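Chain naming here is simple, since letters A, B, ... match the order of the sequence lines and numbering starts at 1 in each. If you're wondering where the values come from, they're calculated on a predicted model, not measured in any experiment.
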Number of protein chains: 2
Amino acid sequence: MKHKGNTNPPGRQKIIEALTRLMWTKEFHAVTTAEIAELAGVTEGLIYKYFKSKKELLHQVLNELFTRFNQTVFERVAHKASAIEKLEIVIHSSLEYYAANRVFARILLLEVRNSPDYFSSEAYTRVRAYAAKILEIIQNGIHKGELRPDIDPLIFRKIILGTMEHACLGEIIFTRELDALAVTRHISTILFNGAKA
Amino acid sequence: MKHKGNTNPPGRQKIIEALTRLMWTKEFHAVTTAEIAELAGVTEGLIYKYFKSKKELLHQVLNELFTRFNQTVFERVAHKASAIEKLEIVIHSSLEYYAANRVFARILLLEVRNSPDYFSSEAYTRVRAYAAKILEIIQNGIHKGELRPDIDPLIFRKIILGTMEHACLGEIIFTRELDALAVTRHISTILFNGAKA
DNA sequence: TGTGTGAGTAAGTATTACTCACCAAAACTT
DNA sequence: AAGTTTTGGTGAGTAATACTTACTCACACA
């Protein structure tokens, strides 16, 4: 029997939820398929009906979480007018979402990027949509004269993405509190005004 | 028999070199202990004489690579006078080293951070020494009036670290060329002068 | 009534990280 | 020099675990 992938049966969703819950306390590799199946209340075999590997399951979990993440961010960005405000909102929303959804952050920042097949997953297309939105804001900001014309938009995007990630990495790894707003303000000051005295 | 760890027998070094070589083409998880042993010309059992797990072996590989990395960076930084120049040298050296040593970069950025025991490894103390040096430069720069007094040194460090990492991440993952100097210049412009027009 | 299909099960198998008992020889002790 | 300990290394296991395969049941619907 072949699964066509256009339905979402209860078993499938239970499996996704089970892995998500287990990753609250354990890293991905430390979670076994047996555990996932047990918590989901299904058999191990069913996992491989819906997902072709344990890793693909992880990617699908990320895909679901990232879909919601993108909705949040895109919707919030639309309310702001200036490029700088938009970027500040992106940073703030992202940090807030990371802080509130640790499993999401851990999967995205720590678990998936080492495997090549992630980059052909659906989850990664979500990431690219997110990144594309940031690039669009930057390019628009340059065009409108809000941002310096001599900055490379692609590199500025990398700076923003890297900054966001690293700004919460320690907090994510060691499960510490994160003051998203305060950190956003500091980042914003440096990135837009520069660190030079 | 107990291994005291203060010697460095040929077998141990061969194992480290074998994993390093294998990771040129494969991600860590795709490398098997059998492969490592075969390439090193030793038996699988010997791996577990010197390393208490496959992961600890990875941490030791990183430790060796990071030790050399730190030597390079520290030595170069010492030659510069101003804080900004020092930071530029840190960024440039790091990017250059990442570009030249892809396995090192992949291990550091993609492979180790998901496991808790990494953070009590010797390799991580090397990372902390590197990070401490950056913090010291920033604090000194603020003290001397080169950098703005209102920036948070810890957050500025995160920005620098995150920026560096993300600036080469795509190139590392997809093994593309990286123009370390050009990227460093762009980063430097934005971080020190700001992106605002 | 019969057939095809989606959802799920149960019992495997194969891989692979890791262990354990043992060995040979170098390096201390006395 | 004899005895003892330590070091570097082997090789045959074992346990765990990701994944497979053959099967069943319910039910839509023609």
What is the separation between atom [atom1] on [X] and atom [atom2] on [N], rounded to the nearest whole Å?
X	N	atom1	atom2	value
A:F51	C:dG8	CZ	P	11 Å
A:K49	C:dG6	NZ	C1'	10 Å
B:K52	C:dC20	NZ	C1'	19 Å
B:E44	D:dA12	CD	C1'	11 Å
B:E56	C:dC18	CD	P	11 Å
A:N8	C:dG6	CG	C1'	13 Å
B:I15	C:dA17	CD1	P	14 Å
A:I47	C:dA10	CD1	P	14 Å

Next on the checklist: Below the 4.0 Å mark, does C:dG8 have OP1 or OP2 next to a side-chain nitrogen or oxygen of A:Y50?
Outcome noted: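 It does, given that an N or O in the side chain of A:Y50 lies less than 4.0 Å from OP1 or OP2 of C:dG8.
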Next on the checklist: Side-chain N or O of A:Y48 versus OP1/OP2 of D:dC19: is the shortest distance under 4.0 Å?
Outcome noted: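 Yes, within the criterion.
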Side-chain polar contacts of residues 57-66 of chain A - donor-acceptor pairs under 3.5 angstrom, sequence neighbours left out - could you list them?
| from | atom 1 | to | atom 2 | distance (Å) |
| --- | --- | --- | --- | --- |
| A:Q60 | NE2 | A:E56 | OE1 | 3.4 |
| A:N63 | OD1 | A:R126 | NH1 | 3.1 |
| A:E64 | OE1 | A:Q13 | NE2 | 3.3 |

Item to check | A:R157: side-chain hydrogen bond (donor to acceptor under 3.5 Å, both in side chains) partners, not counting sequence neighbours | outcome: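 In terms of side-chain hydrogen bond (donor to acceptor under 3.5 Å, both in side chains), with neighbours along the sequence ignored, A:R157 is linked to no residue.
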Checklist entry - What pair of heavy atoms forms the shortest contact from B:L95 to B:M164, and how long is it? => result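 The pair with the smallest heavy-atom distance is CD2-O, 3.5 Å.
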Checklist entry - What are the two closest heavy atoms between B:A37 and B:T43, and how far apart are they? => result CB-C, 3.8 Å
Checklist entry - Would you say B:E111's side chain and B:F28's backbone share a donor-acceptor pair under 3.5 angstrom? => result yes
Checklist entry - Looking only at atom types and distance, does a side-chain atom of B:S121 sit under 3.5 Å from a main-chain N or O of B:Y118, one as donor and one as acceptor? => result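 Yes; judged by distance alone, with no hydrogens or angles, the pair exists.
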Item to check | Positions of residues 17-36 of chain B (non-hydrogen atom under 4.0 Å from DNA chain C), listed by number | outcome: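 Output list: B:V31, B:T32, B:T33.
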Checklist entry - Should we say atom NZ of B:K80 is surrounded by more than 12 heavy atoms from elsewhere, each under 6.0 Å from it? => result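 Atom NZ in B:K80 is not crowded, with 12 or fewer foreign heavy atoms closer than 6.0 Å.
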Checklist entry - Is A:G11 touching bases, backbone alone, or none of the nucleic acid, heavy atoms closer than 4.0 Å? => result sugar-phosphate
